[in-house]
Amino acid sequence: MARLMGQMMQMPLMISSLLVHAARHHGDTEIVSKRVEGDIHRYTYQDAELRARKLAQAFARLGCEPGDRVATLAWNGYRHFEIYYGASGSELVCHTINPRLFPEQIAWIANDAADKVLCFDLNFLPLVEKLAPQLSSVKHFVAMVGRSHMPAGSSIPGLLCYEDLVDGEDGVYRWPEFDENTASSICYTSGTTGNPKGAVYSHRSTLLHTYGLALPDGMGVGAKDVILPVVPMFHVNAWGTPYAAPMIGAKLVFPGPHLDGKSLYELMEAEKVTFSAGVPTVWLGLINFAQAGKLKFSTLRRTVIGGSACPPAMMRTLEDEFDVEVIHAWGMTEMSPLGTLSKLKAKHASLDAEAQRRILEKQGKVIFGVDMEIIDDDGASLPWDGKASGNLVVRGPWVIQSYYQRPESPLVKVNGRDWFPTGDVAAIDADAYMQITDRSKDVIKSGGEWISSIDLENIAMGHPAVLEAAAIACRHPKWDERPLLVVVKKPGADLTREQMLGYFEGRIAKWQIPDDVAFVSEIPHTATGKIQKLKLRELFKDHRLPTN
Ligand code: ADP
């Protein structure tokens with residue numbers, strides 16, 4: 001029997017269509033950028049779309065062909081935004097590189113991806129000059145500035161000026177339509193274990209992820225919002241916000257390299273930002289600045305916090321002191337990145353505020369498009385009872401199937417289907433809310449029992465004298481591993497080891513209380529602003545825990 005096919009228009013899901021939509025339907029909505037040069041730049045979606053078209057023409061004139069990689073070393077700004085669209089929209093692949101990585105890692109990643117063009121913000125000039133001789137595949141280096149800011153006498157051969165490239169084109173260009181499964185962009189994982197690996201997104205996966213992200217129980221953003229992504233555009237495409245904003249017609253505000261509390265606060269106030277997104281460490285700076293000056297946010301109402309566990313104390317401060325709703329989110333590079341977000345269900349409406357908070361402190365429920373399971377070491381599914389914790393696996397159209405140029409499949413079979421193992425350990429409750437216990441490599445294994453480093457950190461962060469805390473495993477002759485708490489005190493605060501440990505009494509099982517506390521002036525962070533557990537474990541590898 002002949003199958004009856006749907007009779008709807010065949011329109012491939014194209015990234016360029018997001019910007020075309022914004023230009024047509026939200027043409028005068030602004031994109032505001034604090035530039036590397038220090039000033040504020042403002043224009044509209046209509047301007048951005050025209051310039052992205054000119055950029056696509058310029059890439060073609062430079063000899064770029066479908067599939068070629070255009071790399072960026074850049075902060076959040078309108079030129080970076082144009083590259084997202086100019087490159088992906090013209091069948092090139094936008095490869096955002098994290099400039100905070102070690103130079104050797106940047107070179108390794110650029111060579112692995114065989115980048116053909118490298119566009120960079122001017123403050124990375126010394127870095128790019130140093131790296132250029134090692135970047136064998138790069139044919140064109142582009143400084144993301146206007147002619148008047150072009151550096152004189154750079155050692156980079158044939159250094160091009162971004163604004164000259166754009167100005168050299170007429171914009172008479174129609175965005176091509178092609179297979180929606182074509183690669184649109186690449187992000188590399190940070191490579192905390194071994195060399196970084198590339199996640200290759202497609203137009204289709206990006207568009208589906210963007211729809212999911214915009215849902216009310218996703219980030220829930222709309223045309224009334226003013227979005228300031230603090231999360232960098234080189235950290236999993238700023239969690240999708242540069243795609244979501246044009247889809248829904250929201251005003252975008254880019255902070256450039258100015259990510260300290262004062263700069264962010266002033267920009268949020270000046271541009272009437274309503275919505276933001278970033279890792280917990282960024283909010284530490286912003287909250288400190290606002291508290292010190294007794295400031296409030298006059299327009300900011302919601303923020304997504306993810307990338308690492310958001311301490312409940314931070315959620316409370318933002319909500320109680322600043323009236324900012326925190327949406328706790330979990331995801332990873334391999335998931336484009338969004339997996340779960342914390343939002344309540346109708347049945348939770350009757351719960352008291354404390355009970356609601358305990359739900360919202362979890363990493364949350366999946367957005368449609370992602371499914372999840374927890375499995376034991378033999379691959380068997382574990383119950384969703386909020387207690388059993390196991391290896392978290394996911395599947396969906398915006399989850400990777402394989403890594404760039406790696407033949408081996410990362411997937412595992414569960415109940416006859418392929419799933420991606422996240423490397424996280426989690427529990428799922430009966431209402432399908434997921435809570436991360438730990439990354440499997442960070443969990444503290446004490447005498448065969450597991451202690452969640454996240455639980456310990458969340459408790460420590462609730463102490464008023466603690467600025468930041470990290471719990472790591474320390475070798476122990478009897479228990480194998482025991483927790484050591486590394487603490488940065490708030491400036492001027494008084495806190496002893498005994499007071500810190502005493503704070504855990506009654507808040508967690510006795511055997512899980514850390515054995516010792518180490519006070520430090522600073523905790524090392526990864527290139528994406530997360531606590532660098534590997535480095536901490538190295539630093540404290542000879543630490544001797546008290547024996548009684
Ligand atoms: P990397 O941290 O290696 O640069 P990712 O940004 O992809 O790479 O990190 C993904 C990981 O970050 C997740 O697997 C998880 O361990 C951690 N993570 C992300 N969001 C959260 C969260 N809300 N709570 C706890 N852990 C999180």
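Numbers for residues simply follow the sequence, beginning at 1. Atoms within each ligand, like the ligands themselves, are counted from 1 in listed order.
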If you measure every N/O of C310 against every N/O of ligand 1, is any gap under 3.5 Å?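 No, since none of the N or O atoms of C310 sits under 3.5 Å from an N or O of ligand 1.
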Heteroatom proximity flag, A309 to ligand 1, N/O under 3.5 Å: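 The answer is yes, given that A309 and ligand 1 share an N or O pair closer than 3.5 Å.
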Can you tell me how the ring of [X] sits relative to the ring of [Y], calling it parallel under 30°, perpendicular over 60° and tilted otherwise?
X: F420; Y: Y403; value: perpendicular
X: Y243; Y: Y84; value: tilted
X: H476; Y: W479; value: tilted
X: H95; Y: Y188; value: tilted
X: F81; Y: F254; value: tilted

For K535, is the NZ atom crowded, meaning more than 12 foreign heavy atoms sit under 6.0 Å from it?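 It does not: K535 NZ has 12 such atoms or fewer within range.
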When you look for heavy atoms under 4.0 Å from ligand 1, do you find them on the side chain of M332, its backbone, both, or neither?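 Both backbone and side chain.
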For A329, take its heavy atoms, then give the atoms of ligand 1 lying under 4.0 Å from any of them.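 Heavy-atom distances to A329 below 4.0 Å select 20 (N), 22 (C), 23 (N).
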Which atoms from ligand 1 have a heavy atom of T528 less than 4.0 Å away?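 Taking each heavy atom of T528 in turn, ligand 1 has 4 (O) under 4.0 Å.
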Applying side chain to side chain contact (heavy atoms under 4.5 Å, CB included) between W330 and each of L341, T422, L338, report the one that passes.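 Among L341, T422, L338, the one that satisfies the side chain to side chain contact (heavy atoms under 4.5 Å, CB included) with W330 is T422.
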From [options] - option closest to [atom] by heavy atom:
atom: atom 14 (O) of ligand 1; options: V236, T189, V304, D424; result: D424
atom: atom 19 (C) of ligand 1; options: S342, G307, A199, P280; result: G307
atom: atom 6 (O) of ligand 1; options: K530, K362, H328, E334; result: K530

Below 4.0 Å from any atom of ligand 1, is there a heavy atom belonging to G331?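 So G331 counts as touching ligand 1.
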Using non-hydrogen atoms of the residue, decide whether H235 is closer than 4.0 angstrom to ligand 1.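 The answer is yes, since H235 has a heavy atom less than 4.0 Å from ligand 1.
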